Amino acid sequence: MTSEVPTTSRQGSVVPFTRIEGPDAWVAADFPNLEKEMFHLTPEHIAELDAAVDKVIASGKPLQEVSLADVHLPTLSLPLIDVGQQAQHGRGWSLLRGVPVQRYSRQQQLTAWWILGLHWGRAVPQNAKGHLIGHIKDLGRDPADPNTRLYATNAAQPWHNDGPADLVGLLCLSDGAEGGESGWSSSISVHNEILRTAPHLARVLADSWFFDRKGEVPAGKKPFFEIPVFNYHKGYLSVNYSDNYYHLSQRHAEVPRLGPDHHAAMELFNSLACSQQLSLRHILQPGDVQLLSNHTCLHYRGAFRDSPEHTRHLLRLWVSPPDDRPLPEVYSEIMGGSVVPGKRGGIFIQNGADHNPIPLEAE
């Protein structure tokens with residue numbers, strides 16, 4: 001089934017079930033050279049970052065209490081803010097290269113990453129332990145276990161967005177021996193193509209879908225919740241997608257069964273997201289940063305293999321900026337109970353306060 005889809009203006013004046021134009025509706029051909037799209041730290045930037053890291057560590061202040069008022073980056077702060085704005089309000093992603101992670105201690109790596117993240121918003125908890133900086137590393141967990149978060153394995157992660165935050169940032173500390181490709185695509189372009197090729201499935205994706213919590217259940221909540229994939233609200237389209245979580249929700253008797261249209265929608269969504277036309281691919285190198293909007297970008301990670309000499313290790317931030325888009329109330333379940341910009345996001349479990357929020361190593 002095909003049909004002509006009328007064009008609308010860009011985000012801020014979106015009419016439901018119409019094609020969206022703007023910088024976040026990009027295709028792979030728009031970016032033939034990713035190297036040219038990166039923001040490269042200069043020697044002056046790195047010297048400023050070194051000094052800020054040393055100052056924060058010398059202060060003895062707990063890292064989670066450090067704010068922008070505690071750091072001084074005369075020439076780097078504004079470019080970092082621009083990096084965040086590009087991910088939030090522009091094309092939906094940014095790449096940065098040159099953080100000197102290989103000569104930093106682990107404490108320096110964490111401190112540098114925290115300082116960078118302060119320019120993008122408030123860090124929010126990423127798991128039941130309340131980690132504000134996550135370690136993305138193979139911990140030998142079983143990917144077949146329904147409660148396993150795949151970032152703690154070396155398995156491929158299917159196309160998804162990290163729902164409980166507005167932005168997701170990754171800093172590569174070290175790469176694996178093989179694999180671990182990072183890919184991302186515009187969920188807005190996926191939306192446009194579904195409208196063009198199968199508009200009936202666009203309406204299925206804007207209906208109710210059930211999301212599994214993977215065992216991280218806040219007090220008084222069910223182990224699943226309801227949220228559409230396509231969310232039209234106050235002139236914005238925000239996309240929340242992870243087929244892994246939809247399939248897992250079927251383990252709960254209360255959740256309605258996925259039907260043929262749901263499966264057809266997921267199959268089409270995945271095929272578009274991973275297509276050469278709509279996706280970009282990149283191997284993160286030590287010192288690289290990838291920053292994505294969870295509302296307009298999807299991402300995936302290829303399977304990887306470590307060796308004694310090469311262990312893949314990334315640091316992650318989930319960030320809530322104070323000036324992000326309005327979200328409908330249905331997002332309150334995935335956003336830690338709030339949809340207020342700057343105050344939303346994160347996973348909040350009662351025992352999270354018992355753990356170090358910024359651990360030195362993966363737990």
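Just so it is clear, the model here is predicted, and its values are computed rather than measured. In what follows, residues are counted from 1 in the order of the sequence shown.
Both the sub-6.0 Å distance and the 45° axial angle are not jointly satisfied by R97 relative to the ring of F39. A cation-pi geometry, defined here as NZ or CZ lying under 6.0 Å from the six-membered ring centre and within 45° of its normal, holds between R312 and F304. Note that R203 lies in the cation-pi zone of F17, set by a 6.0 Å cut-off to the ring centre and a 45° limit from the axis.
Residues T296 and R325 meet the side-chain proximity criterion, which asks for heavy atoms closer than 4.5 Å. A 4.5 Å side-chain heavy-atom check between L110 and L63 finds at least one atom pair inside the cut-off. Counting heavy atoms from C-beta on, the side chains of E35 and H40 come closer than 4.5 Å. With contacts defined as side-chain heavy-atom distances shorter than 4.5 Å, the pair P158/N270 does not qualify. Put simply, the side chain of W159 reaches to within 4.5 Å of the side chain of C274, judged on heavy atoms. Using a 4.5 Å heavy-atom threshold, the side chains of V168 and V319 count as separate. Side-chain contact between P23 and R10: present, with at least one pair of heavy atoms (C-beta onward) separated by less than 4.5 Å. Looking at heavy atoms from C-beta onward, I115 lies in side-chain contact with L73 at the 4.5 angstrom threshold.
Between the side chains of D162 and H160, a donor-acceptor pair is found at a separation under 3.5 Å. Counting only N and O atoms by type, the side chains of R281 and S182 include no donor and acceptor under 3.5 Å apart. Defined by atom type and a distance below 3.5 Å, a donor-acceptor pair is missing between the side-chain atoms of N154 and D306. When only modelled atom types and interatomic distance are considered, H295 and D166 share a side-chain donor-acceptor pair under 3.5 Å. Looking at D323 and Q88, their side chains do bring a donor and an acceptor atom within 3.5 Å of each other.
Considering every non-hydrogen atom in both L195 and A202, the closest pair reads CD2-CB, 3.7 Å. Of all heavy-atom pairs between P322 and P341, the closest is O-CB, 3.6 Å. Taking all atoms of both residues into account, the shortest heavy-atom contact from P100 to L49 is CD-CD2, 4.4 Å. For R91 against C297, the heavy-atom pair with the smallest separation is O-SG, 4.4 Å. Scanning both residues, L284 and D175, for their nearest heavy atoms gives O-CB, 4.2 Å. Shortest non-hydrogen contact noted between V101 and G287 is CG2-N, 3.4 Å.
Judged by distance alone, the side chain of H252 and the main-chain N or O of F224 form no donor-acceptor pair under 3.5 Å. One N or O on the side chain of E216 and one on the backbone of A128 form a donor-acceptor pair closer than 3.5 Å. Side chain of E48 to backbone of L76: a donor-acceptor contact under 3.5 angstrom is found. Using modelled atom types, one side-chain atom of N231 and one backbone atom of V229 make a donor-acceptor pair closer than 3.5 Å. Proximity of a side-chain donor or acceptor of R122 to a complementary backbone N or O of P321 within less than 3.5 Å is not detected. A donor-acceptor pair under 3.5 Å links the side-chain atoms of H135 to the main chain of P359, judged by distance alone. Side-chain atoms of W120 never come within 3.5 Å of backbone atoms of V83 as a donor-acceptor pair (strictly under, hydrogens ignored). With hydrogens and angles ignored, the 3.5 Å screen pairs no side-chain donor or acceptor of S77 with any backbone N or O of P74. Under the 3.5 Å distance criterion, the side-chain polar atoms of E267 are left unmatched by any main-chain donor or acceptor of A264. Although no hydrogens or angles enter the test, the distance criterion places a donor-acceptor pair under 3.5 Å between the side chain of T148 and the main chain of D142.
From E329, atom CD reaches atom OG of S338 across 8.0 Å, with rounding to the nearest 0.5 Å. Going from atom CZ of F269 over to atom OG of S187 covers 6.0 Å, rounded to the nearest 0.5 Å. Note that CG of L272 and OG1 of T197 are 6.0 Å apart. Values are rounded to the nearest 0.5 Å. Here CG of L292 is found 9.5 Å from CH2 of W93. Values are rounded to the nearest 0.5 Å. N161 contributes atom CG, which lies 16.0 Å from atom CH2 of W184 (distance to the nearest 0.5 angstrom).
Taking a cutoff of 4.0 Å between a charged side-chain nitrogen and a carboxylate oxygen, R213 and E333 qualify as a salt bridge. Salt-bridge annotation for R301 and E181: absent, with no side-chain N of the basic residue lying under 4.0 Å from a carboxylate O of the acidic one. Of the charged side-chain nitrogens involved, at least one lies within less than 4.0 Å of a carboxylate oxygen, so that D50 and R103 count as a salt-bridged pair.
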What verdict does the side-chain hydrogen bond (donor to acceptor under 3.5 Å, both in side chains) test give for H310 and S307, after you've listed the backbone C-alpha separation in whole Å, the side-chain angles of each residue and the deciding distance to 0.1 Å? CA-CA 5 Å; H310 293 277; S307 70; 5.4 Å; no
**Report entry** W113/V99 under side chain to side chain contact (heavy atoms under 4.5 Å, CB included): CA gap, chis, key distance, verdict
**Finding:** CA-CA 9 Å; W113 188 220; V99 181; over 6 Å; no
| field | Verdict with reasoning, H282 to E37, per side chain to side chain contact (heavy atoms under 4.5 Å, CB included) | value | CA-CA 12 Å; H282 177 61; E37 303 300 328; over 6 Å; no
Worksheet item: So H262 and W209, ring pair (Phe, Tyr, Trp, His ring centres under 6.0 Å) or not? Walk me through it.
Response: CA-CA 9 Å; H262 293 101; W209 290 71; 4.8 Å; yes
Evaluate side chain to side chain contact (heavy atoms under 4.5 Å, CB included) for I334 paired with R344, printing each intermediate quantity in order. CA-CA 9 Å; I334 203 168; R344 65 195 184 202; over 6 Å; no
Which is it for H131 and E363 under the side-chain hydrogen bond (donor to acceptor under 3.5 Å, both in side chains) test, yes or no, and what are the steps along the way?
CA-CA 10 Å; H131 291 162; E363 297 180 352; 3.0 Å; yes
inquiry  = Please evaluate residues V289 and L170 with respect to the criterion side chain to side chain contact (heavy atoms under 4.5 Å, CB included), reporting the C-alpha separation (whole Å), side-chain torsions for both, the decisive distance (0.1 Å), and the verdict.
reply    = CA-CA 5 Å; V289 170; L170 295 172; over 6 Å; no
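Linking ILVMFWY side-chain heavy atoms closer than 4.5 Å, directly or via other members, places L173 and I46 in a single hydrophobic cluster. When hydrophobic clusters are built by joining Ile, Leu, Val, Met, Phe, Trp and Tyr residues whose side-chain heavy atoms come closer than 4.5 Å, directly or via intermediates, Y104 is grouped together with L116. L315 and I136 fall into different hydrophobic clusters, where Ile, Leu, Val, Met, Phe, Trp and Tyr side chains are chained together by heavy-atom contacts under 4.5 Å. L360 and I133 fall within a single hydrophobic cluster, where Ile, Leu, Val, Met, Phe, Trp and Tyr are joined by side-chain heavy atoms under 4.5 Å apart, directly or via other members. Under the 4.5 Å side-chain heavy-atom criterion for grouping Ile, Leu, Val, Met, Phe, Trp and Tyr, I358 is not connected to V124 through any hydrophobic cluster.
Just one of Y245, Y241, Y331 meets the ring pair (Phe, Tyr, Trp, His ring centres under 6.0 Å) condition when paired with F211; it is Y245.
Residue-environment remark: NZ (K61) exceeds the threshold of 12 foreign heavy atoms within 6.0 Å. Counting non-hydrogen atoms of other residues, nucleotides and ligands closer than 6.0 Å to CD of Q276 gives a total of 12 or fewer.
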